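Notes follow the structure.
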Amino acid sequence: MPKAKGKSRRHKYSYNLNRKRLYRSARRRAAPRIACSHIRHAWDPHKSVAQNLAEMGLAEDPNKAVPIPKKLLVSGMEVEGDGQQLGKKIVRKPYVVNEMELEASLPEKKSNTLSRDLIDYVRYMIQNHGENYKEMARDEKNYYQDTPKQIKRKINVYKNFYPEEYKNFIASLKPEKMEVQ
């Protein structure tokens, strides 16, 4: 069967093709991505980054905002260099900084959770074997073949994440053991 004619020909580079035109949409300058919602709502897209941050009372460059004082000892006298700001900028949007400070002062919410499978696994092991970790390692429900130390670590993680639930679980186990004997 004969070959297709265009396949065997060498492809030549076209010097006259304007490739910049193809990527023009990707090259457009995008607005900066802002994670903080307070700054995002107060942002003015018609102003520069420096102007926006100055209006909110935020620093564009932290090294310039809080300079390290250079103390020079000249014959026993201390002289500070560049400690004074020449022109103070007017803060037009002070509510942004106030909202950010308020949000930062709130206590952090704990988001420590364990999977339901791990909780069930730990409860099963404690219920059937108590504190005997070697026996837990030989149990048939130990699918991942955890060593006794790994099982002990998982139980300690469960104790630390859910201390009240662990105490209630241990308390509920004691009457069952008394009934068995």
Side-chain angles (χ1 to χ4, degrees), residues 19 22-68 89 91-181:
R19 287 175 179 78
L22 300 173
Y23 302 106
R24 187 170 287 157
S25 62
R27 290 185 312 145
R28 285 189 187 140
R29 186 173 173 224
R33 279 220 141 123
I34 303 167
C36 181
S37 63
H38 308 299
I39 296 174
R40 190 182 308 120
H41 293 301
W43 196 266
D44 186 3
H46 302 293
K47 294 183 180 177
S48 70
V49 174
Q51 290 171 339
N52 271 310
L53 292 175
E55 280 189 353
M56 293 179 213
L58 300 172
E60 181 185 13
D61 186 8
N63 295 323
K64 291 179 183 174
V66 185
I68 299 171
K89 296 179 182 173
V91 179
R92 293 197 175 114
K93 300 175 184 176
Y95 60 90
V96 175
V97 175
N98 295 337
E99 289 172 352
M100 289 173 67
E101 286 176 351
L102 181 70
E103 188 178 329
S105 68
L106 294 174
E108 190 174 331
K109 192 171 26 171
K110 286 187 176 180
S111 62
N112 296 342
T113 57
L114 295 175
S115 68
R116 191 74 233 164
D117 294 336
L118 182 64
I119 293 170
D120 293 340
Y121 172 75
V122 167
R123 289 176 139 232
Y124 168 82
M125 290 298 185
I126 293 171
Q127 192 171 11
N128 291 337
H129 305 291
E131 294 286 322
N132 192 346
Y133 300 110
K134 287 184 179 178
E135 217 176 281
M136 289 180 195
R138 283 188 242 116
D139 193 297
E140 62 183 17
K141 290 263 185 167
N142 185 6
Y143 299 126
Y144 297 111
Q145 297 182 353
D146 292 331
T147 63
K149 278 191 175 182
Q150 288 172 326
I151 294 171
K152 186 175 182 178
R153 204 173 300 130
K154 286 181 180 181
I155 291 172
N156 287 334
V157 166
Y158 175 68
K159 284 181 190 177
N160 293 334
F161 278 31
Y162 304 103
E164 293 297 321
E165 189 177 318
Y166 178 76
K167 286 177 187 174
N168 294 337
F169 177 65
I170 294 299
S172 69
L173 287 178
K174 288 182 181 177
E176 290 178 15
K177 288 184 178 178
M178 288 181 188
E179 291 172 9
V180 172
Q181 293 176 352

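Note that the coordinates shown come from a computational prediction; the quantities given were computed from them, not determined experimentally. These values consider heavy atoms only, across backbone and side chains, with no hydrogens, waters or symmetry-generated copies.
Looking only at distances, a side-chain donor or acceptor of Asn160 sits under 3.5 Å from a matching main-chain atom of Asn156. Although no hydrogens or angles enter the test, the distance criterion places no donor-acceptor pair under 3.5 Å between the side chain of Tyr162 and the main chain of Ile119. The backbone N or O of Ala42 sits less than 3.5 Å from a side-chain atom of Lys93, completing a donor-acceptor pair.
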Notebook entry, point to check: Yes or no on side-chain contact (heavy atoms from CB on, under 4.5 Å) for Met136 and Asn142, after CA distance, side-chain angles and deciding distance?
Noted result: CA-CA 7 Å; Met136 289 180 195; Asn142 185 6; over 6 Å; no

Next item on the list: Start with the C-alpha gap between Asn52 and Ile39, add the side-chain angles, then the distance that decides, and say whether side-chain contact (heavy atoms from CB on, under 4.5 Å) holds.
Entry: CA-CA 9 Å; Asn52 271 310; Ile39 296 174; over 6 Å; no

Notebook entry, point to check: What do the steps show when you test Lys159 against Val122 for side-chain contact (heavy atoms from CB on, under 4.5 Å), and what is the final call?
Noted result: CA-CA 10 Å; Lys159 284 181 190 177; Val122 167; over 6 Å; no

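Proximity of Tyr158 to Leu114: side-chain heavy atoms (C-beta onward) are separated by under 4.5 Å at one or more points.
One finds the SG atom of Cys36 at 9.0 Å from the CE atom of Met56 (value rounded to the nearest 0.5 Å). Taking CG from Asn128 and NZ from Lys141, the interatomic distance works out to 9.0 Å, rounded to the nearest 0.5 Å. Note: Gln127 CD to Met125 CE = 12.0 Å, rounded to the nearest 0.5 Å. Note: Tyr95 OH to His38 NE2 = 11.5 Å, rounded to the nearest 0.5 Å. Interatomic distance, Tyr121 OH to Ile126 CD1, rounded to the nearest 0.5 Å: 11.0 Å.
Considering only residues two or more places apart in sequence or on other chains, Lys47 meets the salt bridge (charged side-chain N to carboxylate O under 4.0 Å, His left out) condition with Glu55. With sequence neighbours excluded, the residues forming a salt bridge (charged side-chain N to carboxylate O under 4.0 Å, His left out) with Glu165 are Arg123, listed by chain and number. In this structure, the salt bridge (charged side-chain N to carboxylate O under 4.0 Å, His left out) partners of Arg116, at least two apart in sequence or on a different chain, are Asp120.
Within a 6.0 Å radius of NZ in Lys167, other residues, nucleotides and ligands contribute 12 heavy atoms or fewer. Other residues, nucleotides and ligands place no more than 12 heavy atoms under 6.0 Å from the NZ atom of Lys152. Other residues, nucleotides and ligands contribute over 12 non-hydrogen atoms within 6.0 Å of the CZ atom of Arg40.
Side chains of Tyr133 and Glu131: a donor on one and an acceptor on the other come within 3.5 Å.
Listed here is the closest heavy atom pair of Glu135 and Asn132: OE1-ND2, 2.9 Å. Across Leu53 and Ala59, no two heavy atoms sit closer than the pair CD1-O, 4.2 Å.
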